[in-house]
Peer 1: 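Pasting in a structure now, in structure tokens, and then I'll have a few things to ask.
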Amino acid sequence: MNFLFEIGLEELPAQYVDKAEKDLKKIIENELKAERIKFSGIESFSTPRRVTAIIKDLAEKQDDLDKKSVGPSVEIAYKDGQLTKAGEGFVKSQGATADDIKIIENEKGKYISIEKFIAGKNTKEILPEILKNAIKKIEFEKSMKWADRTFRFVRPIKWFVTLFDNGEILPFEFEGLKGENKTRGMRYFASQDIEINNPLDYEKILLENFVIVNGEKRREEILKSIRENSEKDGDTAIINKYLLDEVVNVVEYPYAIKGEFSKDYLQLPEDIITITLETHQRYFPVKDKDGKLSNKFIVIRNAPEYSETVKKGNEKVVEPRLADAKFFFDEDLKNKFADNVEKLKEVTFQKDMGTIFEKVKRSEKIAEYLISELNLNDKKENIIKTVDLAKADLVSNVIGEKEFTKLQGFMGSVYAEKQGEDKDVALGIFEHYLPRYQGDELPTTVEGAIAGIADKMDTIIGCFSVGLKPTSSKDPYALRRATQGIIQVVLNSKLSFDYKELIEKAYEIFSNDKKVLEKDVVKDVTEFFKQRIINVLSEKYKKDLINYEINLESNVVELDKKLSELLKLSQTENFEILINLLKRVKNIVKDEKNENLNIDSTLFELEEEKTLYNLANQLESIENTEFSNYIETLLNNASTINQFFDNVIINVDNKKLKENRITLLKKLEISIDKMINI
């Protein structure tokens, strides 16, 4: 049999629709399995007004259960032929009596056990409790009570559909609402009293009443409506996934309507316009046939038809929004952008880390260190200016209004360029925030790269210093993302410096400015960086290759080069042989603590000893040359190490001879350990 369960609601916030659907399906699945009720699958649906699950091929009763429970050993369960407290406790826990006890025997001895046969109950008896549990277990960040109800949910529940095949209604009641076979179509355009007689007709019947209950089909209908109603004149909608995801969950049946606003607002930076349209109004911006942003927008109406009234109403609403944005923008341009830096003294970044102004000044010192390390003196003025102005837009009117916080960095870039700053400084102000998320673009200017590293480095060191380092569940200052961002920028811009020394320098700068509240900050941040480096590089290299070098190389660019070489070599047939040989060397000398490498060549008895000695000397002589040269030399001489192990006995009775051979292997290991850590 099939079963339909629909929770009817007041309109859900868009961000909760998908989650509620997913949770309902998962919880019902788990509850049915826990109750031993078979089913072939669950199909789920959701709109702003409903969350639904259709259980397919639901068994009419629970599976029977043959339950065997093993208790304590006979020695513990009985004393003098009578049950002990342990024995009695086990029997009672099974809802049994002493007459039900059976003795079983296994390899560990004899134990008491209880065997019970539990006949499966009718599914219709159990299902109401399963549905109640499902409703109660759906969790939301915010929930509410309504009317005189005690139960909390994200929005008031208005109706339930609890329907089996052939129109049979499951008796169900929750918070005074009873399960029925009636659902509701789209408001104003369809009946609010729609009868359903078969769960499998649910999707079709609601579609006839202008409700598309499948989210993916709603998405397709939105795109289709945009194409048919808004793009046939050469215009093209700008469709950002995050906005499309949201709009899918604010309508039940979409219809695209194209509106216009005054062309005067096109003088604003494009991002201000698109943010106003997308974030504030849920409109899709429109490009004209030449690919330029136009003075048009697309609103998705929750209705099956066009409305001129809706078009004009949305045009009327958007104008004041854009007017506000233009006013704030024009006001910002009346003032000197650089003067905003002083205002940052009034803005706290974090109570123990000080103001944003103090943070900027620390970032400037970190940037100066990087400029020196990277020999960027010809760019010093630009880089320091970029760091100085990077946060200045935070106190601008546009960003200060909170509605445009997504534009921080971008607005600073616009203001700096309009007021005559170097184009690389202006672009660097925006780029210092990059990357903002996984897969985001990376800085194209050295100004943006260095300013971003300095800013993120100060945040990371500061947070670790004042006790705000991330936990497994919380990372409020996004330190993982910041660290990975630094690594991605370093690799992309080929910035060759020692990250461990940068950490030490950033800590020195912070500790000279603020009180450090935690111990082992440098050590903890270094380990944190190391783990993020592994994460970033594991997208290109296997973990075992990374582990060979991660503890030997603290220059991320050089580390990447070495791993690239190792990757090529690892694809040769001798590489695995070499690695196994090196592990064997390390295993033999692991207990050798003596660092005195005085090898007596007069004790060599075999040619293989002399050959290995020559190889060890050769490797020592090229430790400071190209990494690839060293590894290739080692790889090409794998047979030398192999022949030594094949033909030379190390554990001989002659103590001097034995120690000499172990020292020879130790000499080889010490050199190799500087280049590859097996």
Side-chain angles (χ1 to χ4, degrees), residues 370 373-374 431-444 446 448-450 452-457 459-461 464 469-470 472 475 478-506 522-572 575-576 578-579 582-583 586 623 625-632 634-635 672-678:
L370 287 170
E373 287 294 302
L374 296 166
E431 290 188 334
H432 96 282
Y433 281 108
L434 303 179
R436 295 156 296 185
Y437 48 82
Q438 186 69 29
D440 192 17
E441 58 188 313
L442 295 168
T444 59
V446 70
I450 300 300
I453 293 171
D455 174 47
K456 292 178 180 73
M457 198 71 236
T459 301
I460 295 161
I461 287 290
F464 270 77
K469 63 182 179 182
S472 58
D475 186 8
L479 302 188
R480 291 185 181 89
R481 187 177 70 200
T483 307
Q484 292 198 179
I486 290 174
I487 296 158
Q488 289 164 344
V489 170
V490 165
L491 289 170
N492 183 65
S493 300
K494 300 288 189 291
L495 301 175
S496 193
F497 61 85
D498 188 310
Y499 77 86
K500 292 182 180 179
E501 292 179 5
L502 173 63
I503 290 168
E504 290 172 1
K505 186 65 180 178
V522 170
K523 178 185 171 186
D524 289 348
V525 173
T526 301
E527 182 59 29
F528 188 73
F529 255 79
K530 190 168 84 170
Q531 293 306 315
R532 304 285 82 69
I533 291 168
I534 291 171
N535 288 348
V536 171
L537 292 177
S538 61
E539 295 177 11
K540 294 166 62 178
Y541 309 108
K542 291 182 179 178
K543 286 280 180 74
D544 55 353
L545 286 184
I546 299 172
N547 289 335
Y548 293 153
E549 297 299 327
I550 189 67
N551 294 317
L552 300 176
E553 182 57 73
S554 51
N555 182 316
V556 179
V557 173
E558 289 302 313
L559 176 60
D560 184 51
K561 286 181 186 175
K562 289 180 178 181
L563 291 174
S564 180
E565 292 294 333
L566 276 183
L567 180 61
K568 291 179 202 169
L569 294 171
S570 70
Q571 294 162 354
T572 64
F575 188 77
E576 198 62 37
L578 174 65
I579 294 300
L582 297 183
K583 287 178 179 176
K586 188 172 281 290
E623 285 173 5
T625 62
E626 281 290 322
F627 174 77
S628 58
N629 179 36
Y630 185 98
I631 299 298
E632 281 187 34
L634 189 57
L635 191 63
I672 292 169
D673 256 1
K674 295 175 185 175
M675 307 301 285
I676 180 169
N677 194 342
I678 304 300

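Each residue takes its place number in the sequence, starting with 1.
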Peer 1: Which atom names give the shortest non-hydrogen contact between L635 and L578, and what distance separates them?
Peer 2: CD1-CD2, 3.8 Å

Peer 1: Does V556 reach the side chain of F497, with side-chain heavy atoms less than 4.5 Å apart?
Peer 2: no

Peer 1: In terms of relative ring orientation, are F575 and Y548 parallel, tilted or perpendicular, with 30° and 60° separating the classes?
Peer 2: tilted

Peer 1: How many angstroms lie between CG in L545 and NZ in K543, if you round to the nearest 0.5 Å?
Peer 2: 12.0 Å

Peer 1: Enumerate donor-acceptor pairs with a distance under 3.5 Å from any side-chain N or O in residues 487-495 to protein atoms, sequence neighbours excluded.
Peer 2:
from, atom 1, to, atom 2, distance (Å)
S493, OG, V489, O, 3.4
K494, NZ, L491, O, 3.4

Peer 1: Just how far is it from atom CG of D544 to atom OG of S538, taken to the nearest 0.5 Å?
Peer 2: 12.0 Å

Peer 1: Please check if atom CD in E626 has more than 12 non-hydrogen atoms from other residues, nucleotides or ligands closer than 6.0 Å.
Peer 2: no

Peer 1: Please name the pair of heavy atoms, one in M675 and one in E549, separated by the smallest distance, quoted to 0.1 Å.
Peer 2: O-OE2, 2.6 Å

Peer 1: To the nearest 0.5 Å, what is the distance between CD1 (I461) and CD (E504)?
Peer 2: 9.5 Å

Peer 1: List the steps, then state whether side chain to side chain donor-acceptor pair (under 3.5 Å) holds for D455 with Y433.
Peer 2: CA-CA 9 Å; D455 174 47; Y433 281 108; over 6 Å; no

Peer 1: Grab the two heavy atoms, one from K540 and one from L567, that are nearest each other, plus how far apart they are.
Peer 2: O-CD2, 4.4 Å

Peer 1: Short question: side chain of Y437, backbone of R481 - any donor-acceptor pair under 3.5 Å?
Peer 2: no

Peer 1: Any chance you could measure I453, atom CD1, to I450, atom CD1, to the nearest 0.5 Å?
Peer 2: 5.0 Å

Peer 1: When you measure from the side chain of D475 to the backbone N and O of R480, does any donor-acceptor pair fall under 3.5 Å?
Peer 2: yes

Peer 1: Between K586 and D673 (salt bridge meaning N to carboxylate O under 4.0 Å), is one present in this structure?
Peer 2: yes

Peer 1: Would you say that more than 12 heavy atoms from the other residues, nucleotides or ligands in this model lie under 6.0 Å from the CD of Q438, or not?
Peer 2: no

Peer 1: With rounding to the nearest 0.5 angstrom, report the OH to NZ distance, Y499 to K530.
Peer 2: 7.0 Å

Peer 1: As an exercise, state the distance from CD1 of I631 to CG of L566, rounded to the nearest 0.5 Å.
Peer 2: 5.5 Å

Peer 1: Can a salt bridge be assigned to the pair E558 and K561 using a cut-off of 4.0 Å between side-chain N and carboxylate O?
Peer 2: yes

Peer 1: Spell out, as yes or no, whether a donor-acceptor pair under 3.5 Å connects the side chain of T483 to the backbone of L479.
Peer 2: yes

Peer 1: Okay, side chain of K456, backbone of H432: is any donor-acceptor separation there less than 3.5 Å?
Peer 2: yes

